[in-house]
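Inspection log for the structure reproduced underneath, given as structure tokens.
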Amino acid sequence: MTRLLFEGFPGEESSFEGARLQPCHQPAQDERALAPEGSPLQPAFVSGHDFSRADLGTKNVRALAPAAQRVARSTTTVEAPGFSPGESVPVKEGLQARAFSEPADPKLREHCGVVAIHNHPDAARQAYLALYALQHRGQESAGIATADGTHLSNIKGMGLVSEIFTDDVIARLKGDMAIGHTRYSTTGDSALLNAQPIRVESTKGLIAIAHNGNLVNLGNLRIQLERQGAFFQTTSDSEIIVQLIAHSQATTLVDAIADSLRQVEGAFSIVMMTRDRIFAARDPHGFRPLSMGRIHNPDGPDTVVFASETCAFDLLRAKYERDVLPGELVMVTEDGVTSRQYAPPNQTSCIFEHVYFARPDSMIYGRWVQESREEMGRQLARESHVDADLVVPVPDSGVTAAIGYAAESDIPFRFGLIRNHYVGRTFIEPEQRVRDFGVKLKLNPVRNLLEGRRIILIDDSIIRGTTSRKIVRMVRQAGATEVHLRISCPPTIAPCYYGVDTPRKAELIAANYSIEEIRQYIEADSLAYLSLEGLRKACDGGEGNKFCVACYTGDYPTQWVDVEDILPAAAVVG
Ligand code: SF4
């Protein structure tokens, strides 16, 4: 059963509602978050089997590792008391239900996607469609808030957009304005209360906010605000912006928003909504993307839309108009669109959006992601050519760069690894442990293509190295005579503090080992990364000065004072 949090529905404040039956169960942490103080924990389920506290002893879910919390979603079954990732729980004789968390070497994960719709008779459904297109930016929770000039309602839940927003649920969200959010959390815990949009009653009226990014001076601000009497409803950094608005001395709402945005530092692309207005803003560095589009209405004013990526506009049939600029605050009312530069721009946008996060069919910072990725592959081929028989992408993220590499090197491109797109987070594992089972479940080699051939494998990053090693082994075991790994960005040597979930520096293989040492570890015949210069060139045609590249250099574009673990482990960069 998917459980939802309703806000702004008279008589249903903070209540859950079962939307529809699901084969698996909502993470236990959601129940914990909203269970009345002192009440027994709700039963948690593993593969549809009920393991209540009595079944599994007295271990508290609070003791679960963060990694376990991160894999939780409505179709995930990890979060049972006493059950941690990788731990087996008997389901049936001869079979084991196993948490498929692959904690050893995950991909870097994006924080969030945001959307906003102004002036559409079915705004909630438009927001739903846009969030559906942005699902790759966060799969942990999603929410939509709508307003009709008088009321502001909000529904959010844990899980995928399509799992939360059934027809019945969307029908309850009335109004011609909407904002939406899909989330993978990097600050605050992942409980339902921290799902967004966050709806806060403030001295400036009712405000809903949805935020993509990460604030880096939140600790100080939170303490200051609490001293001024702020009462935080969530542990999410996004609420700080709303509390700053509420405590601003400015007399108009738009001035209060500008005032609050000037006080926060870090990455934020935000959309906000009051009962009758929509706001959209980006931080002065423009770390995260945010685009504005328009649906032409022949019989009245246009519908104005905002989204983290332009791929969301296509489903809405909206036309891309422009990016919200770094340091810009846009307001949309029934009188039209107005804008102000609330802070001078100093653009250092996240280059990793072009490398990995954004969809290739999106335009980010004025350039198509597909063009950038293909050019990364071409540049990689120019920088680190090696004789081989086939170029094979690690699907899906390596595909576009591999197409570019193959075109530039004149070596045939083939899908030599096939991805299973239907792998869930929990599976039935054979009784006999299978080496590298997790990767084998997701990827399978095409033996007749690989056998007896020299292979160039293209991937977008190496984080800890463990997954790359498994993939190289898999290709070799399928009969490849040589395996050369090419990475379409420079070595990742530093963590991100701007809304991307990266491991600590001590866990980043490239921060601690030379390229030759990494090659030996992953058991490749050769290993090469794209140069930083090559990456910049691929993403902007050579201007090269508008990107954050801190995870490749360790030089951060902001002063950051309140982030834990500011001084990472000493690095030995090869
Ligand atoms: Fe993007 Fe890396 Fe900068 Fe983070 S540190 S914003 S991932 S380029």
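Both ligands and their constituent atoms are indexed starting at 1 by order of listing. Because only heavy atoms are used, hydrogens play no part in the values below, and waters and symmetry mates are left out as well, while side chains stay in.
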Notebook entry, point to check: Between atom 1 (Fe) of ligand 1 and C548, is there an N, O or S atom separated by less than 2.8 Å?
Noted result: no
Next item on the list: Before accepting this row, confirm whether a basic side-chain N of the pair E533/R536 lies closer than 4.0 Å to the acidic partner's carboxylate O.
Entry: no
Next item on the list: Determine whether any heavy atom of R288 lies closer than 4.0 Å to an atom of ligand 1.
Entry: yes
Notebook entry, point to check: How are the rings of Y498 and F287 set to each other: parallel, tilted or perpendicular (split at 30° and 60°)?
Noted result: parallel
Note to self: I'd like to check which ligand 1 atoms, numbered from 1 as shown, lie under 4.0 Å from a non-hydrogen atom of C350.
What the structure shows: 1 (Fe), 6 (S), 7 (S), 8 (S)
Margin query: Within ligand 1, which atoms have a heavy atom of Y498 less than 4.0 Å away?
Written below: 6 (S)
Check: Is D283 salt-bridged to R262, going by a charged N under 4.0 Å from an acidic O?
Finding: no
Check: With the threshold set at 4.0 Å, does a side-chain nitrogen-carboxylate oxygen contact exist between R137 and E309?
Finding: yes
Next item on the list: Find all atoms of ligand 1 within a distance of less than 4.0 Å from any non-hydrogen atom belonging to C551, and give their numbers and elements.
Entry: 2 (Fe), 5 (S), 7 (S), 8 (S)
Notebook entry, point to check: When you check the gap from the basic side-chain N to the acidic O, do E375 and K537 get nearer than 4.0 Å?
Noted result: no
